[in-house]
Amino acid sequence: MNLFKLKEHQTTVAKEASAGFTTFLTMMYIIPVNATIMSEAGMPIHALIAATAWITIFSTILNGLWANTPVAMSVGMGLNAYFTFGLVLGMKIPWETALGIVFLSGIIFLALCFTNFRIWVLKSIPMDLRRAISAGIGTFISFVGLKQMGLIVHNDATLVGLGNLNDANILIGVLGLFFVVVFWALKIKGAFIVAVFATSIVAWVTGVAPYPTEFFSMPSSIAPIFLKLDIASAFSLSLLPVIITFFITDLFDSLGTLSGVGNRANIFDKNAIDGVKKLEKTLEADAAATVAGSLLGVSTTTAFAESASGVEEGGRTGLTAVFTGLFFVLTLFMLPLFSAIPANAIYPVLIMVGVLMFSELGKVDYSDSAIVLAVFFIVILMPLTYSITTGLAFGFIAYFFVRLVKREFEYLNLGIIVLAAISLLSFIVR
């Protein structure tokens, strides 16, 4: 175990195993949730369940061995919804091309991980705009969850309205949301997956959804989505803003998550054991996992905030991540169970994840007029246009415009100018 330097980190194999199991419980929900979301894009759910499990296993163990940090990785919430509802269903982009976009964004991320570009991006974009991006994605995925549940429906007079609360499926979704909120508020370990199964059991017992005839089986094949990405079609000027969106969002999501997880144990502190080097290697593993994920047939992979639960349990090294990845092997054999989970037991989790991301708005400085306008457009337009790209574009353009009008040129660095130009380009080239 010298590879993980357990003694230097004042931990043991038993403690790391316990922490790994805790992380596994808190993020196991990603398997059925991601598969359900991406299946709406026309991809086979059985293959998605297996592919999500495989990329979680690969990326988490890779990070544990490469970066020696207790950070688990899987398909990111937010960009998987944008992949399905924004690109495939919204922009009518084939899912194969969308996977090509994920691949290219991952290649960019991976290449730039070995340069100072990520530092330049972080210094160029104000923290408040980065918080707005997280909150905007939160509103977007919550809106997607509410719509897919049937709680929000189309209304000819008002554009949107309340769904039929007499519908049994919608009521199951409402019950699921109740379970998610209660279990999360009570800080129950594995709150999301417990809520999913509790809701599913009610749906099965009441006959709203068919119950599983078996619970375990051999792993499903990922052949229907493996290496099906269309990279050539993703090479389009009109799709450049989308590729940049995936890259920027993945970078900010990862750095935000790693900052939160790292702060709990000073893992990435510059004064900690190889702190900065660990952060760089974790980002490298994240980028490599996104590239691998696109090959397997899933959306962008990122570090999971649920890793903090393992850190709280005492996890301090990559051995925690390795154990987490190994525990996820179990999910490969749970296909019948995951397949039987009704969609309305899944989407309440999406809403709750959105709520947690939305809380970032509480840290924004609203005394700055440029920030206020940009944050508003980012947060309001992501859900209303069903596009993270559009929300980002309006936000960067608004920020640039207000700074220009007020002649606050000291805030207009090269990064903001380039992003504003790309944002404007997204509306010209369509």
Determine whether the side chains of Asn344 and Asn169 contain a donor N or O and an acceptor N or O closer than 3.5 Å. no

For residues Thr69 and Thr282, is any side-chain donor paired with an opposing acceptor at under 3.5 Å? yes

If you count heavy atoms of other groups shown closer than 6.0 angstrom to [atom1] of [X], is the number above 12?
| X | atom1 | answer |
| --- | --- | --- |
| Trp204 | CH2 | yes |
| Tyr366 | OH | yes |
| Phe358 | CZ | no |

Is there a side-chain contact between [X] and [Y] (heavy atoms, below 4.5 Å)?
| X | Y | value |
| --- | --- | --- |
| Thr300 | Asn80 | no |
| Phe143 | Met382 | no |
| Val194 | Tyr29 | no |
| Phe328 | Met27 | yes |
| Leu129 | Phe396 | yes |
| Met38 | Ser299 | yes |
| Phe83 | Leu99 | yes |
| Met43 | Ile225 | yes |

Where do [X] and [Y] come nearest, in terms of heavy atoms and distance?
| X | Y | value |
| --- | --- | --- |
| Gly297 | Leu48 | O-CD2, 3.8 Å |
| Pro336 | Ser217 | CD-OG, 3.2 Å |
| Ala81 | Ile141 | CB-CG2, 3.9 Å |
| Leu110 | Ala288 | CD1-N, 3.9 Å |
| Val379 | Ala135 | CG2-CB, 4.2 Å |
| Ile193 | Pro32 | CD1-CG, 4.4 Å |

How long is the span from the [atom1] atom in [X] to the [atom2] atom in [Y], to the nearest 0.5 Å?
| X | Y | atom1 | atom2 | result |
| --- | --- | --- | --- | --- |
| Thr56 | Ile31 | OG1 | CD1 | 4.0 Å |
| Ser200 | Phe179 | OG | CZ | 10.5 Å |
| Phe109 | Thr290 | CZ | OG1 | 7.0 Å |
| Leu79 | Ile137 | CG | CD1 | 5.5 Å |
| Phe183 | Phe192 | CZ | CZ | 12.0 Å |
| Ile341 | Thr36 | CD1 | OG1 | 7.0 Å |

[Y] backbone acceptor or donor facing [X] side chain under 3.5 Å:
| X | Y | value |
| --- | --- | --- |
| Ser233 | Asp230 | no |
| Thr23 | Ala19 | yes |
| Asn63 | Ala285 | no |
| Ser59 | Met73 | yes |
| Ser294 | Val291 | yes |
| Trp54 | Leu332 | no |
| Arg131 | Lys363 | yes |
| Ser18 | Lys15 | no |
| Ser142 | Ile351 | yes |
| Lys92 | Leu89 | yes |

Can you tell me how the ring of Phe394 sits relative to the ring of Phe377, calling it parallel under 30°, perpendicular over 60° and tilted otherwise? tilted

Got a sec, which pairs hit side chain to side chain donor-acceptor pair (under 3.5 Å) with one end in residues 320-343, sequence neighbours left out? Glu16-Thr320, His46-Ser339

Side chain to side chain contact (heavy atoms under 4.5 Å, CB included) evaluation trace for Val375 with Tyr399: CA-CA 9 Å; Val375 167; Tyr399 180 83; over 6 Å; no

Can you check side chain to side chain contact (heavy atoms under 4.5 Å, CB included) on Met77 and Val33, steps first, answer last? CA-CA 9 Å; Met77 297 290 285; Val33 170; 3.6 Å; yes

What do the steps show when you test Phe323 against Phe21 for ring pair (Phe, Tyr, Trp, His ring centres under 6.0 Å), and what is the final call? CA-CA 7 Å; Phe323 273 120; Phe21 186 65; over 10 Å; no

Centroid-centroid distance, Tyr82 to Phe246, less than 6.0 Å: yes

Are the aromatic ring centres of Phe333 and Phe216 under 6.0 angstrom apart? no

Evaluate Leu151 against Val174 for side chain to side chain contact (heavy atoms under 4.5 Å, CB included), listing each step before the verdict. CA-CA 8 Å; Leu151 200 57; Val174 172; 4.0 Å; yes

Given side chain to side chain contact (heavy atoms under 4.5 Å, CB included), test Thr317 with Thr11 step by step and report yes or no. CA-CA 8 Å; Thr317 74; Thr11 185; 3.9 Å; yes

